[in-house]
Amino acid sequence: MVDVFAGRLLVGRDGRSVDPEEALQNKVVGLYFSAGWCAPCRDFTPVLCDFYTELLEESQTPAPFEVVFVSSDHSAEEMAGYMRAMHGDWLALPFHDPYRHDLKKKYNITAIPKLVIVKQTGEVITDKGRKQIRDKGLSCFRNWLEGADIFQNFSS
């Protein structure tokens, strides 16, 4: 992930700038392509919030997982409102960063919502993160972890 976001800053839900190298190191990353105007996105976002909370806050050891929101909102204000209203305490690529368009191309995003699970290198583990969370819940994380080549003691 360091490669994917090299030289860029991410933002937290509270607007603070975050260095991706520190925040994403040794983690499985879910690139969440979504927008507040999109009804299926508003339907899935609370499910992703619960998944994220369970993995990071309700387990004995926080899971090596992070979400990076890549917005398809129509304005920075819409993006900020959607993040405040519905998102978990995860990260986002700033609205005005043109790199969000490059990421959509790189990961072949043709519809939203889309949750692409990637390794540290940016290589795709699965582009069906949304379906896997809906179908399997927390158990899908173990498969992602194995696919990510991150060796840790993690029990869900």
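Because only heavy atoms are used, hydrogens play no part in the values below, and waters and symmetry mates are left out as well, while side chains stay in.
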Picking from D97, D19, D102, what satisfies salt bridge (charged side-chain N to carboxylate O under 4.0 Å, His left out) with R8? D97
Could you tell me the separation between the NZ atom of K119 and the CD1 atom of I125, rounded to the nearest 0.5 Å? 6.5 Å
Would you say the side chain of D127 lies within less than 4.5 Å of the side chain of Y107, judging by non-hydrogen atoms? no
Output, in order, the C-alpha distance, side-chain angles, deciding distance and verdict of side chain to side chain contact (heavy atoms under 4.5 Å, CB included) for L24 and V68. CA-CA 9 Å; L24 304 179; V68 177; 4.1 Å; yes
Could you check whether any side-chain heavy atom of V118 comes within less than 4.5 Å of a side-chain heavy atom of V4, counting everything from C-beta outward? no
Decide yes or no for P64 and N26: does some side-chain heavy atom of the first lie under 4.5 Å from some side-chain heavy atom of the second? no
Exercise: identify the closest heavy-atom pair between E54 and L138: OE1-CD1, 3.2 Å
About how many Å separate NE2 of H96 and OG of S75, when rounded to the nearest 0.5 Å? 8.0 Å
Could you give the distance from OG (S34) to CZ (F44), rounded to the nearest 0.5 Å? 9.0 Å
To the nearest 0.5 Å, atom NE2 of H101 lies from atom CG of L93 at 9.5 Å
Where do P20 and L9 come nearest, in terms of heavy atoms and distance? CD-CA, 4.2 Å
Closest heavy-atom pair, R13 versus G88, reported as atoms and distance to 0.1 Å, is CD-O, 3.4 Å
Quick test of your reading of the model: are R100 and D73 salt-bridged, counting only N-O distances below 4.0 Å? no
Indicate if V70 and V11 have the same hydrophobic cluster label, given that clusters are the connected sets of ILVMFWY residues with side-chain heavy-atom separations under 4.5 angstrom. no
Do I112 and W37 have side chains that get closer than 4.5 Å, going by heavy atoms? yes
Tell me whether the rings of W90 and H87 are parallel (<30°), tilted (30 to 60°) or perpendicular (>60°). tilted
For the backbone of G36 and the side chain of R42, can you confirm whether one donor and one acceptor N or O come within less than 3.5 Å of each other? yes
Rounded distance (nearest 0.5 Å) linking atom NZ of K27 with atom CG of L145: 13.0 Å
Looking at W144 and T126, would you say the former's side chain and the latter's main chain have a donor-acceptor pair under 3.5 Å? no
Value rounded to 0.5 Å, distance of OH in Y52 from CG in L48: 9.5 Å
Smallest separation among heavy atoms of F51 and G137, with atom names: CE1-O, 3.5 Å
Using 30° and 60° as the class boundaries, would you call the ring planes of F5 and Y99 parallel, tilted or perpendicular? perpendicular
So, do S71 and Y82 sit near enough that their side-chain heavy atoms are less than 4.5 Å apart? no
Provide the closest heavy-atom pair for K136 versus S139 in the form atom of the first, atom of the second, distance. O-OG, 2.8 Å
Between E78 and H74, is there a donor-acceptor pair closer than 3.5 Å when you use the side chain of the first and the backbone of the second? yes
Can you name the closest pair of heavy atoms from L91 and R16 and give their distance? CD2-NH2, 4.4 Å
